[in-house]
Each structure stands twice: as structure tokens, then as C-alpha cells.
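Just so it is clear, the structure is predicted and the values come from calculations on it, not from any experiment. So that the names make sense, note that chain A is the first sequence line, chain B the second, and so on, each numbered from 1.
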Protein chains: 4
Amino acid sequence: MKDHTDQAGQDSSLREPISRKEREKRAREMEILKAARDLFVANGFRETTLDEIARHAEFGKGTIYNYFASKEELFLGIIDQTMDEVLAICNDAIAVPGDAREKFLRYASGVIRYVKENGELLHVIYHELHRGSSTVNVTKLREILDRARRGWEVLARPLTDATQNRLAGTCDPVQLAVLFDGMLRGYCFHRFSIEGSQQVEDYSDAAELITSVFFDGIAERTHEG
Amino acid sequence: MKDHTDQAGQDSSLREPISRKEREKRAREMEILKAARDLFVANGFRETTLDEIARHAEFGKGTIYNYFASKEELFLGIIDQTMDEVLAICNDAIAVPGDAREKFLRYASGVIRYVKENGELLHVIYHELHRGSSTVNVTKLREILDRARRGWEVLARPLTDATQNRLAGTCDPVQLAVLFDGMLRGYCFHRFSIEGSQQVEDYSDAAELITSVFFDGIAERTHEG
Amino acid sequence: MKDHTDQAGQDSSLREPISRKEREKRAREMEILKAARDLFVANGFRETTLDEIARHAEFGKGTIYNYFASKEELFLGIIDQTMDEVLAICNDAIAVPGDAREKFLRYASGVIRYVKENGELLHVIYHELHRGSSTVNVTKLREILDRARRGWEVLARPLTDATQNRLAGTCDPVQLAVLFDGMLRGYCFHRFSIEGSQQVEDYSDAAELITSVFFDGIAERTHEG
Amino acid sequence: MKDHTDQAGQDSSLREPISRKEREKRAREMEILKAARDLFVANGFRETTLDEIARHAEFGKGTIYNYFASKEELFLGIIDQTMDEVLAICNDAIAVPGDAREKFLRYASGVIRYVKENGELLHVIYHELHRGSSTVNVTKLREILDRARRGWEVLARPLTDATQNRLAGTCDPVQLAVLFDGMLRGYCFHRFSIEGSQQVEDYSDAAELITSVFFDGIAERTHEG
DNA sequence: CATGAATGAGCTTTCATTCAT
DNA sequence: CATGAATGAAAGCTCATTCAT
């Protein structure tokens with residue numbers, strides 16, 4: 001049995017040849033990222049000290065530097081993580097069977113749930129991204145922005161079809177995806193930050209509303225019938 | 001005659017009791033605000049130092065403190081200014097004759113122009129507001145958020161009318177205003193920050209697009225006719 | 001005639017050759033000294049700002065500099081004043097008819113009253129004097145210390161007489177004056193600063209006690225009779 | 001045997017559970033206190049900068065803050081030290097066999113030696129204490145003053161006995177201790193600060209003189225015999 | 001002369017980063 | 001590798017002094 005387990009371990013290691021050491025290293029890296037993320041979300045990037053991160057991650061301060069070359073790199077690691085997660089939401093949404101409306105509905109509820117759980121992480125990230133912080137590797141920054149763009153491109157895909165989007169051909173579908181995203185983020189910021197409603201409510205209504213406004217608009221259809 | 005002159009003097013002094021000194025003081029205060037605003041927009045609040053502000057404003061560091069009790073107060077001064085300006089855009093938009101669509105179109109182009117000129121000032125402000133930076137006077141903070149809300153309420157007014165908004169009665173018009181604002185800010189962030197297109201283009205197209213999406217949605221009207 | 005007038009002027013100048021302007025100047029100087037003294041006593045020298053002094057003296061800050069070249073000079077002015085007052089107490093005491101004990105009793109009550117009225121002024125002065133503050137003109141400092149010494153010398157005078165002081169000849173009378181002064185200042189510091197008894201009490205008891213200890217000691221006279 | 005050794009090890013660790021690290025930490029803390037004390041004595045508390053302290057202690061500025069939360073805390077640490085040392089002088093004096101005179105003689109020479117070695121530390125401390133610097137924790141301040149009082153109470157103890165003190169019953173013995181202390185401090189201030197005689201002289205003469213004045217007074221005993 | 005706005009050197013304190021253990 | 005004490009550059013802020021009015 002023991003051998004078998006080992007072999008199983010080896011099998012998986014054939015795909016990802018990760019030794020125990022390597023696995024532990026990754027695990028510790030994740031723990032650090034988790035701790036830092038919590039604090040960045042709660043207090044912002046500049047406002048969070050490495051002492052706090054180390055204490056919260058239950059590691060020595062020096063250890064953090066064995067995993068991330070600087071506080072900035074640590075932040076970039078979090079952005080990487082986040083970008084992956086957001087991209088996953090996009091891909092998940094796009095995989096939903098049905099028309100664009102259903103895919104966007106899924107995206108909307110995915111994002112709202114994510115913001116509810118991760119707070120202003122996206123806000124903090126965009127804030128830091130925006131100010132091309134002098135120290136950040138410009139290459140790295142471009143790469144991150146590219147990944148953000150990729151999310152919108154994924155969302156834009158169903159909108160290229162004229163049956164899904166009456167504006168197809170007249171305007172950039174990515175643009176439209178950006179607008180949808182804007183509504184979502186506007187909604188989240190208003191609801192979670194300004195109004196601060198933290199009670200666990202159903203937010204599928206909100207997702208429905210936003211999707212409905214996006215696809216149908218709010219105007220009375222006077223010309224119908 | 002003497003009385004008359006005196007009274008005339010008093011009359012004008014009632015309207016403009018502002019001495020040259022006072023005027024110069026105000027002017028310098030505006031210069032400082034302008035310099036600080038530039039830097040806050042470019043680099044964020046925390047990342048801007050008072051030395052930089054002083055240098056950029058071409059004043060001594062101490063002078064800044066003669067006008068604003070702290071860096072925080074200076075920032076609050078900028079927020080005040082900004083809130084006034086944004087509220088002015090709202091009121092200007094609402095005063096446009098015609099239906100809600102025309103008012104929102106005006107608001108959209110107003111905001112886009114404002115962001116083009118002032119950069120991500122709003123973004124920076126919301127970022128700081130949100131984190132309720134410990135030192136900020138809580139009363140002051142609430143007051144600022146109230147003023148933000150007031151802007152949305154102004155915008156929401158034309159949406160309370162069912163002829164303007166098919167959703168009137170089913171959802172909060174302020175919510176809708178927030179969504180519209182979200183699209184606008186999403187658009188601006190995408191265009192000015194991410195893509196960084198700074199060339200002076202016409203952005204009435206963008207305003208039209210956003211307004212159109214908001215009122216008519218992007219869906220094909222298959223059921224028409 | 002001119003000479004004469006001048007001389008008369010000089011003569012009277014010893015009494016009052018002082019023009020209105022000069023008189024007003026002196027008066028303003030005194031006002032500034034008074035205001036500064038109040039604040040130095042209350043808060044110490046370093047802790048008192050020139051803004052406070054100007055406000056309390058009801059003069060512009062620049063005006064202070066027309067009368068005193070620096071904050072330090074202002075402080076030296078106060079020291080001058082104080083030294084004069086303390087020397088006056090010494091001289092007043094020494095002029096009392098009777099033996100040394102009566103003179104010292106008068107000195108003691110004079111000092112206690114002075115400290116009661118002027119608070120820790122002497123303490124503040126000695127504190128600043130002691131640390132040969134780098135900026136203080138060394139000549140000025142020596143001069144001040146000389147004046148302090150002069151006070152003790154005045155007090156020491158009646159102690160040079162062997163009928164007044166059994167130790168005359170064996171120890172320096174100035175030393176003894178210093179010890180008496182030490183008791184006085186120890187008493188005042190303890191009573192006014194440590195215990196903080198501010199109620200207007202009679203302090204002739206204290207003066208009597210101190211004088212009595214100084215002249216008679218506290219030991220039981222077992223060998224009397 | 002093993003247990004025994006272990007236990008022995010534990011026993012000694014109970015008495016001295018101080019690791020090398022801990023010992024070194026204490027040693028560095030002492031070094032910082034020593035450096036700060038030197039400078040505070042020489043220049044006063046307000047006039048000493050943390051840069052100077054760091055330089056004189058041969059530590060980085062930040063290191064000081066690893067040991068003391070603020071300049072104020074550092075000063076309080078010094079006060080603690082000093083109060084302990086002064087109290088030790090009191091207790092040592094009181095433990096001397098013999099009558100009050102012998103105890104006070106010991107106290108006098110102890111204080112003179114202490115002041116000679118530590119300069120006007122006490123003067124600086126009292127100066128700061130008195131002005132109840134706004135930031136100082138009031139509780140801490142009261143505690144310090146209580147400790148000062150305790151020293152006087154210790155000294156006052158032998159004076160409660162009527163055979164030692166002809167004034168017992170008529171005046172507070174603590175008061176008398178304060179007067180003795182005043183003479184001592186007056187003497188030290190005069191000798192070490194004003195006159196600045198730094199040569200290593202014998203000062204038992206001074207202690208004798210002060211004690212003699214305190215117990216016997218300086219008056220000629222005309223009524224004797 | 002009186003004034004007080006402007007000034008910048010200098011203060012205390014924080015914190016990302018290094019490195020000896 | 002993990003650690004956290006040591007570090008000093010850099011931050012926000014104060015205030016004695018100057019000088020144009």
C-alpha cells in the first residue's frame with residue numbers, strides 16, 4: 001500500500017514533477033500570498049507593513065523575502081492570482097450554454113460574489129496599476145494589463161455575433177464588455193463600499209438587473225406593437 | 001452725499017468685501033490645491049510627498065501648512081473642490097431641456113471631458129474615501145459620501161418618471177444612475193488609463209454610445225414590428 | 001547753552017531724560033518681557049513658541065524682533081529682569097536691622113513670596129543656564145552667573161562676623177549662603193511643584209522653620225543648661 | 001542522574017532564565033540608556049536629538065526605536081533607572097548604624113558622589129517632571145513623583161524620633177528631609193555647575209559641613225555653659 | 001516701525017530591506 | 001532556509017527667523 005501511494009505520488013509527479021520540498025515551498029508561498037491579500041484588501045497596499053504581513057502569515061519577516069524579492073513583487077504575485085481568478089470567472093461565464101445574455105448574467109453574479117468575498121481587492125489593484133508606480137517593472141505592468149484586456153476579450157466574444165448584439169459592426173465589442181464591467185464595478189462599489197451593506201443578501205437580483213439594463217436598456221419601448 | 005457714497009461703498013463691500021490681500025490669499029490657496037491635485041492624480045495621495053507638492057506649487061513647505069493644517073486637510077480641500085465640480089456637471093446635465101436621454105447624454109460628455117482634464121482624480125478620491133483612513137474625521141467623511149450620493153440623486157430625478165424609465169417602480173432610480181455612472185467610469189478608466197489614448201479625440205461618440213446602451217440596451221429587437 | 005541743556009539732559013537723564021517715544025518703547029519692551037515670562041514660566045523656554053509670545057503680548061511676531069534680536073536674547077532679557085529682582089530681595093533683606101538671623105528670615109520670606117508669584121521662573125532659568133547652551137554668548141553667560149554670585153555674596157556679608165556665625169573662619173560664608181538658598185529652593189520646589197499646594201497660605205511659618213534650622217540645627221541640645 | 005542534571009539545569013534556569021540573546025538585548029538597552037543619559041545631562045531632554053543619541057550610542061536611529069517606543073519612553077527609562085539609584089542611596093544611608101546624623105552624613109556623601117558622576121541628571125529630570133509635559137502619561141508621572149516622595153520618606157524615618165530631632169512633633173520630618181536635600185542640591189549645583197570645579201577633590205568635607213549645619217545650625221551657642 | 005506670510009532646516013518617527021546567526 | 005534585530009532614507013510636521021508691505 002505504501003508503495004502504491006508513493007507510486008501514485010510519483011505518477012502525479014510525472015505530470016508535475018514537484019518534490020515534497022517544492023510542494024511545501026508552494027504551500028508556504030500561498031500562505032504568504034493569502035496573508036498579504038487579506039491585509040492589502042483591508043488596509044491598502046501602502047498602508048500594510050511587512051511586519052504585519054509576516055505576523056499575520058506567521059513567518060519571519062526575512063522569510064517573506066525568500067519568496068518575494070520585495071513588497072512590490074509580493075503585490076504582483078497577488079495580482080497574478082487575482083487575474084487568474086477573474087479570468088476564471090470570465091471563462092466560466094462564457095462556457096455557460098445559451099446566448100450572450102445568459103453568459104453575462106453568469107459573469108455578473110460571479111463578479112458580485114467575488115467582490116463580496118474579496119472586498120476591494122480589485123479596486124486596490126486598479127489603483128496601484130493605474131499610477132504607473134515608478135518602481136514597478138514596466139514589462140510586468142504591461143503584462144498585467146494585457147491579462148486584464150484578455151478578460152474583456154473573452155467576454156466580448158459572444159458579442160461579435162450580430163444576433164446577440166445589435167451594435168455588432170458599429171462598435172467594438174470589447175468596449176461593450178468594458179461598459180458591462182463598469183456597471184458591475186459601479187454597483188459593487190456603491191453597494192459594498194458606499195452603502196456598506198454587509199448582510200448576506202441575495203445578489204442574483206442585482207445581476208439580473210444589470211444584465212437586463214445592458215441588453216434591453218431602460219427606455220420604454222414606445223414603438224412596440 | 002457722504003451717506004450715499006458710504007452706503008454705495010457698503011453695498012459693494014457687501015457683495016465683494018474681499019480685499020486684495022484676501023484675494024491673493026485665495027489665489028495662493030488655489031495654486032496649492034492645483035499643484036496638489038496634479039500630483040495626487042498622477043501618483044496618488046499616499047505616494048505624494050509634501051516636499052513634492054511644495055516644489056510643484058513653488059512654495060516653501062511651511063507655507064503649505066499655513067493654508068492647510070495637514071496633508072489630509074489639503075486632500076479634503078481637493079475633495080471639496082471636486083465634489084462641487086461633479087455636482088455642477090450633474091446639475092448642468094439635469095437642466096438640459098428634453099427627456100432623460102438628453103440629460104444623461106449631457107452628463108456623459110460632461111464627465112468624460114472632466115476625466116480627460118482631471119485624470120483619475122475621482123478614482124484616487126474614492127480609493128482614499130473607501131479605506132476610511134483612520135485619521136480622517138469621520139464626520140467629514142460622511143459628509144463627503146453624502147455629497148456623492150446627492151449627485152446620483154440629482155441624476156435619478158428624471159428616471160422616476162415612468163415615461164422615461166420602464167423600470168420606474170420596480171427598481172431604485174438611484175441604482176440606475178449608479179449603473180450609468182459605472183459605465184462612464186469604466187469607459188474612462190479603460191480609455192484614459194489602460195489604453196492611455198491621450199490624443200484629443202472627439203468623445204461625443206462615446207457619450208452617445210453609453211447613453212444608447214443605457215436607454216436601449218444592446219439586444220437585437222427581434223420582437224419589433 | 002546747548003552743552004548745558006545737554007548736560008542738564010544728562011543729569012536729568014539719570015532721572016528721566018526719556019522722550020515719549022523712548023518711554024513707549026520701554027513700555028512695549030516691558031510688555032513683551034512680561035508676556036514671554038508668563039509663558040516661559042508656564043511651559044518652559046523651548047516649549048514656548050514665538051507665535052504664542054506674540055499673541056499673548058498682543059504684538060506682531062516681527063515686532064518682537066524689533067526689540068530682541070532672537071528668542072534667546074528675549075530670554076536673556078528676562079533673566080536680567082529676574083536677577084535684578086532677586087538681587088533686590090537680597091539687598092532688602094540685608095538692610096533689615098538686627099542680626100543675621102533677622103536678615104535671613106526676611107530673605108527667606110521674600111524668596112518664597114517671589115517663587116509663589118513667579119513660579120518656576122528661577123528653575124527654568126537655572127536649567128537653561130546650566131546647559132551652556134551652545135548659542136548663548138559665553139560672555140553674557142558669565143555675566144549672568146556673576147550676578148547670581150553677587151546675590152550670594154550680599155547674603156554672605158553678615159555671616160563673616162564670628163558673632164553671627166560660629167563657622168566664620170572655618171568655612172566660606174558664601175558657601176553657607178548657598179546652602180540656605182538650597183533649602184529655600186528645595187522647599188519651594190517641593191511645596192509648589194511637587195505637592196502643588198496653590199492655596200494662599202501663610203508661608204512665614206516656612207520661612208521661620210528654614211531660618212531656624214539654618215541657625216540652630218535640628219539636633220537636641222543635650223549639653224544645654 | 002540524567003534527571004538530576006536536567007533538574008539542576010532547570011533549577012539554575014529558574015534563577016537565571018536569561019539566554020545569551022536576552023543578556024545581549026539588556027546590554028544594548030543599557031548602552032542606549034547610558035548614551036541618552038549622557039546627552040540629556042549635558043544638553044537637556046528637549047535639546048537632545050535622536051540622531052545624537054543614535055550616533056553617541058553607535059546604533060542606527062531605528063534601533064533605538066526597537067528598544068524604546070519614543071524619545072519620551074527613553075527618558076522615562078532613564079528616570080526609572082535614576083530613581084532606583086537615588087532610592088538605593090537613601091536606603092544605603094538609612095542602613096548605616098548609629099544616629100540620624102551618621103545616616104544623613106552617609107546620604108550627603110552618597111548624593112554628592114552621585115551628582116559628581118552623573119551631573120545634573122536630577123536637575124534635568126525635575127525640570128521635565130515639573131512641566132508635566134503634555135504627552136507624558138499622567139499615571140506614569142504620578143508614579144515617578146511618588147517614588148521621589150518615597151526617598152524623602154525613607155530619610156525622614158530617623159527624624160521621627162525626638163531624641164534625634166528637637167523639632168519632632170512640631171514639624172513634618174519629610175519637610176526636614178526636603179530641606180536637607182535642598183542644601184545638598186544647592187551645594188552640588190553651585191559647585192559642579194556654577195563654579196564648574198571638576199577636579200577630583202575630596203567632598204567628605206562638604207558632606208560634613210552640610211550635615212553639621214543641618215543638625216547644629218550655624219549660630220554661636222551663646223547660651224551654652 | 002509694525003506686521004504676519006513665507007521659508008526651510010531640523011525634528012521625531014516609520015518601515016522596506018539586509019544580513020549575521 | 002528561517003529569523004528578526006539593525007539600519008537609514010524618507011516622511012509629515014514645527015517654528016525661529018526674515019522681509020516685503
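If you measure from atom CZ of C/Phe75 to atom P of F/dA16, you get 14 Å, rounded to the nearest angstrom. Atom NZ of D/Lys25 is separated from atom P of E/dT21 by 17 Å (rounded to the nearest Å). Going from atom CD1 of C/Ile64 over to atom P of E/dG4 covers 11 Å, rounded to whole Å. Between B/Glu24 atom CD and F/dT21 atom C1' there is a gap of 10 Å when expressed in whole angstrom units. In this structure, CD of C/Glu22 is placed 14 Å from C1' of E/dC1, rounded to the nearest angstrom. The CD-P distance, from B/Glu73 to F/dG12, rounds to 15 Å in whole Å. Atom-to-atom, NZ of C/Lys71 to C1' of F/dC15 comes out at 8 Å; the value is rounded to the nearest Å.
Between B/Tyr67 and B/Phe59, the angle of the ring planes lies from 30° to 60°, which puts this pair in the tilted group.
Residue-to-nucleotide proximity on DNA chain E shows that, of B/Lys61 and A/Ala69, the 5′-proximal contact is made by B/Lys61. Heavy-atom distances to DNA chain F give each of B/Gly62 and D/Thr63 a nearest nucleotide, and the one nearer the 5′ end belongs to D/Thr63. Summary of the strand contacts: A/Tyr65 and C/Lys21 both lie near DNA chain E, and taking for each the nucleotide with the nearest heavy atom, the more 5' one is attributed to C/Lys21.
At least one side-chain heavy atom of D/Gln81 sits under 4.5 Å from a side-chain heavy atom of D/Met30. Side-chain contact between B/Phe45 and B/Leu74 is absent, with no heavy atoms from C-beta onward closer than 4.5 Å. Looking at heavy atoms from C-beta onward, D/Arg37 lies in side-chain contact with D/Thr82 at the 4.5 angstrom threshold. Put simply, the side chain of B/Met83 does not reach to within 4.5 Å of the side chain of B/Asp80, judged on heavy atoms.
Near DNA chain E, meaning a heavy atom under 4.0 Å from it, residues 28-36 of chain D has no residue at all. Contact check of residues 48-60 of chain A against DNA chain E (heavy atom, cut-off under 4.0 Å) returns A/Thr48, A/Thr49, A/Leu50.
Listed here is the closest heavy atom pair of A/Leu39 and A/His56: CD1-CB, 3.8 Å. The two residues C/Val41 and C/Glu120 have their closest heavy-atom pair at CG1-N, 3.9 Å.
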As a quick check of understanding, evaluate side chain to side chain contact (heavy atoms under 4.5 Å, CB included) for B/Ile125 and B/Leu121, giving each step before the final call. CA-CA 6 Å; B/Ile125 289 176; B/Leu121 180 55; 4.0 Å; yes
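Ion pairing between a basic and an acidic side chain is recognised when a charged N comes within 4.0 Å of a carboxylate O; B/Arg26 and B/Glu22 show such pairing. The pair A/Lys140-A/Glu73 does not meet the salt-bridge criterion, since no charged nitrogen lies less than 4.0 angstrom from a carboxylate oxygen. For C/Arg20 and C/Glu24, the salt-bridge test passes: some basic side-chain N is under 4.0 Å from an acidic carboxylate O.
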Could you provide the dot-bracket string of DNA chain E, using ( ) for intrastrand pairs, [ ] for crossing pairs and | for bases paired to another strand, with Watson-Crick or G-U pairs below 3.5 Å? .||||||||||||||||||||
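If you take CD1 on D/Ile79 and CG on D/Leu122, they are separated by 10.5 Å, rounding to the nearest 0.5 Å.
Residue A/Phe68 is classed as having no contact, given no heavy-atom separation below 4.0 Å to the nucleic acid.
Side chain of A/Ser70, nearest nucleotide from E/dT17, F/dC13, F/dT17: E/dT17.
Phosphate contact (OP1/OP2 of F/dA5, side-chain N/O of D/Asn66, threshold under 4.0 Å): absent.
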